[in-house]
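Please read the structure below before turning to the comments.
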Number of protein chains: 2
Amino acid sequence: MIRQAEKSCPVGKVVALVGDSCSLLIVRDLLDSAKRFSELENSLSVSTRTLAKKLKLLEHEGIVMRKETKDSPACVRYSLTKKGAAFQKVVDDMRAYGKKYL
Amino acid sequence: MIRQAEKSCPVGKVVALVGDSCSLLIVRDLLDSAKRFSELENSLSVSTRTLAKKLKLLEHEGIVMRKETKDSPACVRYSLTKKGAAFQKVVDDMRAYGKKYL
DNA sequence: CGGTATCCTATGGGATACTG
DNA sequence: CAGTATCCCATAGGATACCG
């Protein structure tokens, strides 16, 4: 639904990037600390499939980093890149808004 | 997709409210100034149907105000309530983010 | 544990036509 | 102009099963 017209607007770009139901919630969680796949899965109550897709997308966009330690069973941690961590202000303001108005 | 678990988090609430493809873009436009239906329609490149639905939702949530002046043809202006205008910071932060990183 | 692969459904949203 | 009403479709996302 994001059209060409939106792509020239910085706000439109941000919405196109994290303006879905859970991308920003992933960022919110990772702003707190790096987390495992299953931790995110539980926190967000999202399906495995969707979480995997969103994480891949966010990784591809340079928002999220994936780090795997060679253990068995597998252990993977997701954290924010600098670009991802820069969402801190947005998330903080949203939190402030939510507390005050919702 | 927004689950119960998210409703206890202020950020989750905000995302549930404006975390779709165009609600926040409507707010962005109205932060600039009050606008008519058709202005929003053109600016957002969204279908009549969708815009009408989102505006109703935002009005119902107390974010947007609808003012009709009894003219012919009809003239309707949408503007932000105080609750809606409070999104200024969030939108500004998103704009700053978009300019810097996207 | 951290995914991928299928299948399937709900629904968001476009296009079009019509009305006060 | 500012919508409402239909119809229709694409796709986001859930559920489930399976794998390294």
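A note on names: the letters A, B, ... follow the listed sequences, proteins ahead of strands, and every chain is numbered from 1.
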Nearest heavy atom decides the nucleotide; on that basis, is B:R49 or B:F37 closer to the 5' end of DNA chain D?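 Its nucleotide being nearer the 5' end, the pick is B:F37.
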Where the side chain of A:T50 is concerned, which of C:dG2, D:dG14, C:dT4 is the nearest nucleotide?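 Nearest nucleotide to the side chain: D:dG14.
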Side chain of B:A74, heavy atoms from C-beta onward: which of D:dA2, D:dG13, D:dG3 has the nearest atom to it?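 Closest nucleotide among those given: D:dA2.
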From A:K53 NZ over to A:T48 OG1, what is the distance, rounded to the nearest 0.5 angstrom?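 Answer rounded to 0.5 Å: 13.0 Å.
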Nearest-Å distance for atom pair [atom1]/[atom2], residues [X] and [N]:
| X | N | atom1 | atom2 | result |
| --- | --- | --- | --- | --- |
| A:I26 | C:dG2 | CD1 | P | 14 Å |
| A:E39 | C:dG3 | CD | C1' | 16 Å |
| A:E68 | D:dG20 | CD | P | 15 Å |
| A:D20 | C:dG12 | CG | P | 14 Å |
| B:L51 | C:dG14 | CG | C1' | 13 Å |
| B:L58 | D:dG3 | CG | P | 13 Å |
| B:K35 | D:dC1 | NZ | P | 16 Å |
| A:K67 | C:dG3 | NZ | P | 15 Å |

Is any side-chain N or O of [X] closer than 4.0 Å to OP1 or OP2 of [N]?
| X | N | result |
| --- | --- | --- |
| B:R36 | D:dA2 | yes |
| B:K54 | C:dG13 | yes |
| A:S38 | C:dG2 | yes |
| B:Y78 | D:dG3 | yes |
| B:S47 | C:dG14 | yes |

So which heavy atom on A:R28 is nearest to which on A:L44, and how close?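 Scanning both residues completely, I find the closest heavy atoms to be NH2-CD2, 3.7 Å.
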Which part of the nucleic acid, if any, lies within reach of A:R66 when heavy atoms closer than 4.0 Å are counted: base, sugar-phosphate only, or nothing?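 Sugar-phosphate contact only.
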Donor-acceptor pair, A:Y97 side chain versus B:K83 backbone, under 3.5 Å?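 Yes: the side chain of A:Y97 pairs with the backbone of B:K83.
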So, does B:T81 use its side chain to make a donor-acceptor pair with the main chain of B:G62 at under 3.5 Å?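 Yes: the side chain of B:T81 pairs with the backbone of B:G62.
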Answer yes or no: is there a side-chain heavy-atom contact under 4.5 Å between B:K54 and B:T50?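 A side-chain contact exists here, since the closest heavy-atom pair is under 4.5 Å.
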